[in-house]
Amino acid sequence: MTDLMRAATERCAAQLRSEGYCIIPNALPPGAIAALDADLAVPFAETPFCEGGFYGETTKRFGRLLARAPRTAALVQHRLILGIVEKILAPWCDCIQLNVTQAIAVHPGAPAQLPHRDQDMWRGAVGEVEYLVNVIWPLTEFRADNGATTIWPRSHGAQALAPEPVAAPIAAAMAPGAALMFLGSTLHGAGANRSDEVRRGLVVGYALGWLKPYENQWLAYPPAIARHFPPELAALIGYRQHRPNLGNYEGQCPTILLGDDVERPRAAIDALRPDQVALIDAFVERQQATS
Ligand SMILES: O=C(O)CCC(=O)C(=O)O
Ligand SMILES: [Fe+2]
């Protein structure tokens, strides 16, 4: 990692910890985002409007973006963003996982979405753990009048226990190429679209590696698709074990499903944390000494 990258990682992670969100203005070239938006034009046109009050009936959403538009990998595997997310989530996991990729169009006339904290989807203790870091990538300009994501600064962490947010909300105004990062505990929601244009954006979310992800990554990208992904991307979507032994396939790393020799009988192999290895080694050694 370069010094510049390290400094940017520290700066964004510090802002996420203090404010609950952070905007990276020039995360990718606008042309790359325009190309991705063009790739998604057909699914946006073909996808019906959502149903239900949370998604909102004047919005459209669809997932599986790595399969629909391979260009999404540049967003999912963005070096700076991955470094920041790993830093934020490291206290609670061994490795992170992709939680979701979802395209969202907020159509003219859409009301504001219910303010919410994304990590409330997991019923853990409130105010203690960060489960998730979300990134919103605008595909069109985000403005206060067209449905830019609304963020409540400093509403994260233990503030999730407070009856009211401490600060007034802000509209995350940004241009394509920028990325809005916020914590799973930060209060937010899609804004109302009072303009006559569709607001389009992508959500790329990363979670603790041992959680049940919001979007079922193994079904979104079954082995026949995932075997064409670079190994780091396959690992991020869950073709990797989280120690100890979580997410195994036949007692081994699920990457065996991405190779050619899938049917061969396998030995289950421990995949443990160093502290567990030490504990077990000492136990086995004592056992052997007394037998
Ligand atoms: O589209 C947005 O601006 C935010 C959407 C959101 O927060 C959600 O659906 O969980
Ligand atoms: Fe949300």
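Worth knowing before you read on, the calculation uses all heavy atoms, side chains too, and leaves out hydrogens, waters and symmetry mates. In listed order, ligands and their atoms are each counted from 1.
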Return the CG to CD distance between L16 and E130, rounded to the nearest 0.5 Å. 9.0 Å
Any side-chain heavy-atom pair of E232 and Q77 under 4.5 Å: yes
Of the side chain and backbone of N134, name the one, both, or neither that has a heavy atom under 4.0 Å from an atom of ligand 1. neither
Between R227 and D260, is there a side-chain N and carboxylate O pair less than 4.0 Å apart? yes
Which atoms of ligand 1 have any heavy atom of I104 under 4.0 Å away? 1 (O), 5 (C)
Are the aromatic rings of Y21 and H188 close, with centres under 6.0 Å apart? no
I need the atoms of ligand 1 closer than 4.0 Å to a non-hydrogen atom of D118, numbered in the order shown. 10 (O)
Among protein heavy atoms, which sits nearest to atom 6 (C) of ligand 1, and what does the distance come to when rounded to 0.1 Å? Q113 OE1, 3.3 Å
Atom CG in L89, atom CD1 in I84: separation rounded to 0.5 Å? 11.5 Å
Heavy-atom contacts under 4.0 Å between M121 and ligand 1: side chain, backbone, both, or neither? neither
CZ of R117 to OH of Y131: how many Å apart, nearest 0.5 Å? 14.0 Å
closest protein heavy atom to atom 10 (O) of ligand 1 is H116 NE2, 3.0 Å
Please report how many protein N/O/S atoms lie under 2.8 Å from the Fe ion (ligand 2). 3
For atom 9 (O) of ligand 1, find the nearest protein heavy atom and state the residue, atom name and distance (0.1 Å precision). R61 NH1, 2.7 Å
So which bit of I136 gets within less than 4.0 Å of ligand 1, heavy atoms only: side chain, backbone, both or neither? side chain
Just wondering, do V198 and T140 contact through their side chains at under 4.5 Å, heavy atoms? no
Out of curiosity, is Q102 lining ligand 1, as in a heavy atom under 4.0 Å away? no
Counting heavy atoms only, which part of T149 comes closer than 4.0 Å to ligand 1: side chain, backbone, both or neither? both
Starting from atom 1 (O) of ligand 1, which protein heavy atom do you reach first, and at what distance in Å? R199 NH2, 2.9 Å
G205 and L98 have their tightest heavy-atom pair at O-CD1, 3.4 Å
V133-M174 co-clustered via ILVMFWY side chain contacts under 4.5 Å: yes
Can you classify the ring geometry of H107 versus F49 as parallel (below 30°), tilted (30 to 60°) or perpendicular (above 60°)? perpendicular
Distance-minimising heavy-atom pair for L187 and P115: CD1-C, 3.8 Å
